[in-house]
Amino acid sequence: MHKILIPFIFLCAYNFFDVLPFGHIEGSFNTIDVGIAVIVLTLIFYVAGSLESRLVNNAFALLVTLLLFLVVMHAGIASIKYGQSIFQGAVASRNYFYYLTFFLFLIMMKTPRQFIEVMKILNVLATIAVVLGVANYFGPVFLHHKWAEGHYERAGIVRAYLPGMQLISYCAIWSFCNLFVSGFTQLKSDAYSFFFLAAHVFRQSRMRLMGVVLILGALMLYQRKFTQIAIVLFMVIAGTVIMDVVMEKNIIMAQIELTEEEAGSKHGSWSGREQQVEFDIEAFLESPLIGASSSALRSNPEAYYGKTLTEIYHLVSLAAQSDLGYVKWLKHFGIVGIVWLLMLYMKMFAYCRANIRTSAPEEYPLALFTASYFAFIVITGVTLNHWAMPNLAILLCFIMAANVRLYLHNTDKTRKKQEEGLQDAQE
């Protein structure tokens, strides 16, 4: 069941890679909402049956519960502060209910092996997403997204739109972990690693590309397999050359030159982000303890009726969820949100460290992956909001649940060995 239902929920979170023309109809239908309904109904079904108490008696379960409570509270505050109805606040904050997948993953997948099985399925889905994006870029436009015809020009090159880019980064890191653990003996891991790395170059997302490259470099150093390091460097160079030939321009060098130019002149995305940071900091300072309650603020035409352009701009900027992860989180949830995030990071570090030390060889790739993706979140959280967007929150919940399941599995094995040793000693 988990091999069907969980990938389906992932597809809902990613709007079925924008292939469906009716996947997102403003104000009428959204496949993301279908995912929420499936999550809630499945949880009700399982909880009505049996539930291990230890699945909810852990730090991540407490953190998820606290966040959902804070979001619900924000819906009420937004009603008072911005004159928005409670219903509109609930609609605006509904994406946070994807955090319920943490419980769903734990309930449906009872062993680390089942998490690994789902990751293999996600690898296939990510591959399909890349193929769809490439076909849409070089052939007729068939994806239904505002960037389907190209995500503006960067360094003279029209940026390709790849649906499910978040999942592609996720699977790239999973493939890197399997690549190093297997010692380059698994052809699938080798191919996936090369394929997903090339996809990041093709997409021209600088933060994502930097993040996966840094994780790849960290894995090289951690594993201390220098022959493999040379092979990976060759793969990177080969991939760059191939992309250079296909795109008729050196994408890597173009991105470096553009970044230097934008940083020096404060134009391009640097200028826009600088303005966003200033606005978000101002919003945070107005309500520093619990934030601006903007996580429950809905940006829709009805909210703008009778307001000036300045007021409309203010509401749109407040409601913005994506980009500038840490600053956006500070704006939404204030000091309480930052404390929540620090607690999450501390617990994630503790679980990852324990699981890497105690996991068996067959489960070690999963333990290494949870730690690697956690590092990716920390690094790229500067510009990527890993905690508010449903297609990113579901990835975070997956590694949280995997960490708990690994920890429980390793603890059970250790206790069983101790009991067997005690029995042998008594005999």
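Residue numbers run from 1 in the order of the sequence given. We use all heavy atoms of the structure for the numbers below, so side chains are in, but hydrogens, waters and symmetry mates are not.
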message = Checking Tyr326 now: which residues fulfil side-chain hydrogen bond (donor to acceptor under 3.5 Å, both in side chains) with it, not counting sequence neighbours?
response =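 With sequence neighbours excluded, Tyr326 shows a side-chain hydrogen bond (donor to acceptor under 3.5 Å, both in side chains) to Tyr345, given in chain and number order.
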query = Taking only residues two or more places apart in sequence or in another chain, which ones pass side-chain hydrogen bond (donor to acceptor under 3.5 Å, both in side chains) with His145?
reply =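 Here no residue qualifies.
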query = Of the options Leu396, Asn403, Val404, which is the one that meets Met400 in a side chain to side chain contact (heavy atoms under 4.5 Å, CB included)?
reply =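 Per the side chain to side chain contact (heavy atoms under 4.5 Å, CB included) rule, the option paired with Met400 is Leu396, out of Leu396, Asn403, Val404.
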How many angstroms lie between [atom1] in [X] and [atom2] in [Y], if you round to the nearest 0.5 Å?
X	Y	atom1	atom2	answer
Leu341	Leu330	CG	CG	10.5 Å
His332	Leu70	NE2	CG	11.5 Å
Leu395	Phe376	CG	CZ	9.5 Å
Leu214	Met207	CG	CE	9.5 Å
Thr31	Ile9	OG1	CD1	12.5 Å
Cys12	Asn391	SG	CG	12.5 Å

Less than 4.5 Å apart, any side-chain heavy atom of [X] and any of [Y]?
X	Y	answer
Phe16	Phe8	yes
Gln166	Tyr14	yes
Lys3	Pro7	no
Ile356	Thr370	no
Tyr96	Met389	no
Val212	Phe196	no
Ile394	Phe105	yes
Phe333	Ile338	no

Are [Y] and [X] an aromatic pair, judged by ring center distance below 6.0 Å?
X	Y	value
Phe202	Tyr137	yes
Tyr192	Phe195	no
Phe398	Phe102	no
Phe369	Tyr170	yes
Trp329	Trp340	yes

key: Any donor-acceptor N or O pair under 3.5 Å, side chains His74, Ser93   =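 Note: His74 and Ser93 side chains miss the donor-acceptor criterion.
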request  = In sequence, state the C-alpha distance, the side-chain angles, and the governing distance for Cys171 and Leu167, and then conclude on side chain to side chain contact (heavy atoms under 4.5 Å, CB included).
outcome  = CA-CA 6 Å; Cys171 291; Leu167 184 62; 4.2 Å; yes
task = Check step by step if side chain to side chain contact (heavy atoms under 4.5 Å, CB included) holds for His144 and Asn15.
result = CA-CA 10 Å; His144 301 274; Asn15 275 320; over 6 Å; no
Under 3.5 Å: donor-acceptor pair, side chain of [X], backbone of [Y]:
X	Y	result
Glu363	Ser359	no
Asn136	Leu143	yes
Arg203	Ala160	yes
Tyr99	Ala393	no
Arg94	Val91	yes
Asn355	Tyr407	yes
Thr380	Leu384	no
Ser287	Phe284	no
Tyr98	Ile32	yes
Asn30	Asp33	no

key: Phe142 atom CZ, over 12 foreign heavy atoms within 6.0 Å   =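 For Phe142, atom CZ is crowded (more than 12 foreign heavy atoms under 6.0 Å).
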Where do [X] and [Y] come nearest, in terms of heavy atoms and distance?
X	Y	answer
Cys397	Thr101	CB-OG1, 3.4 Å
Thr65	Ala61	OG1-O, 2.8 Å
Pro163	Asp18	CB-OD2, 3.9 Å
Ser372	Cys177	OG-SG, 3.5 Å
Ser169	Arg208	OG-NH1, 2.9 Å

Side-chain donor/acceptor pairs under 3.5 Å, residues 116-133, sequence neighbours excluded:
unit_1: Glu117; atom_1: OE1; unit_2: His2; atom_2: NE2; d: 3.0
unit_1: Thr127; atom_1: OG1; unit_2: Asn123; atom_2: O; d: 2.8

task = Please report the C-alpha distance between Leu68 and Leu100 in whole Å, then the side-chain angles of each, then the deciding distance to 0.1 Å, and finally whether the side chain to side chain contact (heavy atoms under 4.5 Å, CB included) criterion is met.
result = CA-CA 9 Å; Leu68 292 177; Leu100 291 173; 3.8 Å; yes
request  = Evaluate the side chain to side chain donor-acceptor pair (under 3.5 Å) criterion for residues His409 and Thr111: first the C-alpha distance (whole Å), next the side-chain angles of each, then the deciding distance (0.1 Å), finally the verdict.
outcome  = CA-CA 7 Å; His409 181 73; Thr111 65; over 6 Å; no
task = Go through the steps to decide whether Arg405 and Leu366 satisfy the test side chain to side chain contact (heavy atoms under 4.5 Å, CB included), and finish with yes or no.
result = CA-CA 11 Å; Arg405 187 54 79 183; Leu366 182 63; over 6 Å; no
